[in-house]
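Below: the structure, in structure tokens.
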Protein chains: 2
Amino acid sequence: MHATTATESLTRSVEDYLKAIYRLSPEGRPASTSDIAHLLELSAPSVSGMVKRLSELGLLEHIPYKGVQLTDSGRRAALRMVRRHRLIEVYLVQFLGYPWDAVHVEAERLEHAVSDTLVERMAAALGHPAVDPHGDPIPEADGSIREPACTPLSELDVGDTVEILRVDEREPERLRYLASLGLIPGAVVRVEDRQPFGGPVTVEAAGARQVLGQELAHVVLCGAEGVR
Amino acid sequence: MHATTATESLTRSVEDYLKAIYRLSPEGRPASTSDIAHLLELSAPSVSGMVKRLSELGLLEHIPYKGVQLTDSGRRAALRMVRRHRLIEVYLVQFLGYPWDAVHVEAERLEHAVSDTLVERMAAALGHPAVDPHGDPIPEADGSIREPACTPLSELDVGDTVEILRVDEREPERLRYLASLGLIPGAVVRVEDRQPFGGPVTVEAAGARQVLGQELAHVVLCGAEGVR
DNA sequence: TCTCATGATTAGGCAACCCTAATTCGGGAT
DNA sequence: ATCCCGAATTAGGGTTGCCTAATCATGAGA
């Protein structure tokens, strides 16, 4: 009990690695070093090297040639960064008039610079929001997080009427496009048509019919339960 | 016309050097490398090395064994950081309830992470304030700055009644102490007594008499004109 | 003019991170 | 049981920025 306690004073790039590994290992399944390299846009050897360092720091466990898994300490540090990132995003939208497509980049830098105090003051000013502007849940300060069950729009059946819960996309262009179609968290959409084999999905949203390619439809996550 | 334009993408430590040099060279008088080292708490050789790099970047001019002076480009970059720092301080006080003794440390990290966009949004939300919580003037976005004439409390004469304009101190303990005495920007104080040779100064502030040692008295800067 | 203290610079190293090139491992297909 | 491809790791380098120890310049005073 020491590595499990010290969340502070990690470098910026360590924080980025932890966030990436967290993102790549839902339910704690191991992440591959090449996936990490791809996500962070780094070379594979850079990741191998850093992985060794992180495992020496007790932040993850590494089985060579197999994969990487966060320890409790590592997961806690990762969730701390996720909380910061998402709270900053909400803050920028609510208090500084940022559009939802611009918050990610800004939060990506700020999350490494804010103090815990500042994060909690922002959370309080916002009334402790549960989700960020893209609908992603914000971990609590104690590290707990509740991932709501979601189904991609691309996997719904014709006739389903559902609420959009999350939009798992960060590219500003696409976010602006989705918003222009009314496809934002909270919106209710009905699947009008769906072509097989990853073909386009037609939905009714904001009173208009929209045709979505597979890529975009895959990114729009909806409540599992239908809306009456 | 290249080095004069590119303010972007300087590293954190380059930004810190420029700020330090700016602070050490009022009226463009050259700064010594050892003063820089002292202010940044670095070794002298580290500064020598960085100074060479900065002069290659066209941010300053270095006459070996003499001193260092910012170029226009360097001064612009420095003022950009000062603007960020001071605006962030005001923002933290106004919108997030920070006490004035805590803002410096937080701003010191944030100033390197915020985008120009964010800075200007904060400035707008604040109504484009002219000074930070310590009374230091905030440079305009175009790099202009007006330093009001100030006299340290320690140099006033008995009987002078003046307004406190700035408090040039960052140590939280001392800032809290000064505030507890009512010695904050905007306060009006009267010099009741002053011992010679750097002895204590007695002032009347917030309806009470306060005795200040030389160090503190030197840090409280007052309007040059007396208040009637 | 010469000496020497003080301040500045050069020499030589170290840690964090990144890269490309070369090598090695693991597991499916023959 | 082997071969082999792709994924992963090791080898070897580069940059940024910091440090200590050693050397050197400057200007004040003898």
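Below, chains carry the letters A, B, ... as their sequence lines are ordered, and counting in each starts from 1. Both backbone and side-chain heavy atoms feed into the values below; hydrogens, waters and symmetry mates do not.
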Item checked: Nucleotide-resolved protein contact map, nucleotides 24-29 of chain D, B/S/- at heavy-atom distance under 4.0 Å -> BSSS--

Is it the case that the side chain of [X] and the backbone of [Y] share a donor-acceptor pair, with hydrogens and angles ignored and the cut-off at 3.5 Å?
| X | Y | value |
| --- | --- | --- |
| A/Arg109 | B/Ala113 | yes |
| B/Glu106 | A/Ser115 | yes |
| B/Gln69 | B/Gly28 | yes |

Notebook entry, point to check: With sugar-phosphate meaning primed atoms plus P, OP1 and OP2, does A/Ser48 contact a base, only sugar-phosphate, or nothing at under 4.0 Å between heavy atoms?
Noted result: base

Item checked: Within residues 23-41 of chain B: residues closer than 4.0 Å to DNA chain C (heavy atoms) ->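 Heavy-atom cutoff 4.0 Å gives B/Ser32, B/Thr33, B/Ser34.
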
Checklist line | ring-ring contact (aromatic ring centres under 6.0 Å, His included) contacts in which one or both residues fall within residues 94-113 of chain B, not counting sequence neighbours | finding: B/His85-B/His104, B/Tyr91-B/Phe95, B/Trp100-B/His134

So, OP1 or OP2 of [N]: does either fall under 4.0 Å of a side-chain N or O from [X]?
| X | N | answer |
| --- | --- | --- |
| B/His62 | C/dT9 | yes |
| B/Arg53 | D/dT16 | no |
| B/Ser46 | D/dC18 | no |
| A/Thr11 | C/dC17 | yes |

Check: Which one, D/dT9, C/dC17, D/dT20, comes nearest to the side chain of B/Pro45?
Finding: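 Selected nucleotide: D/dT20.
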
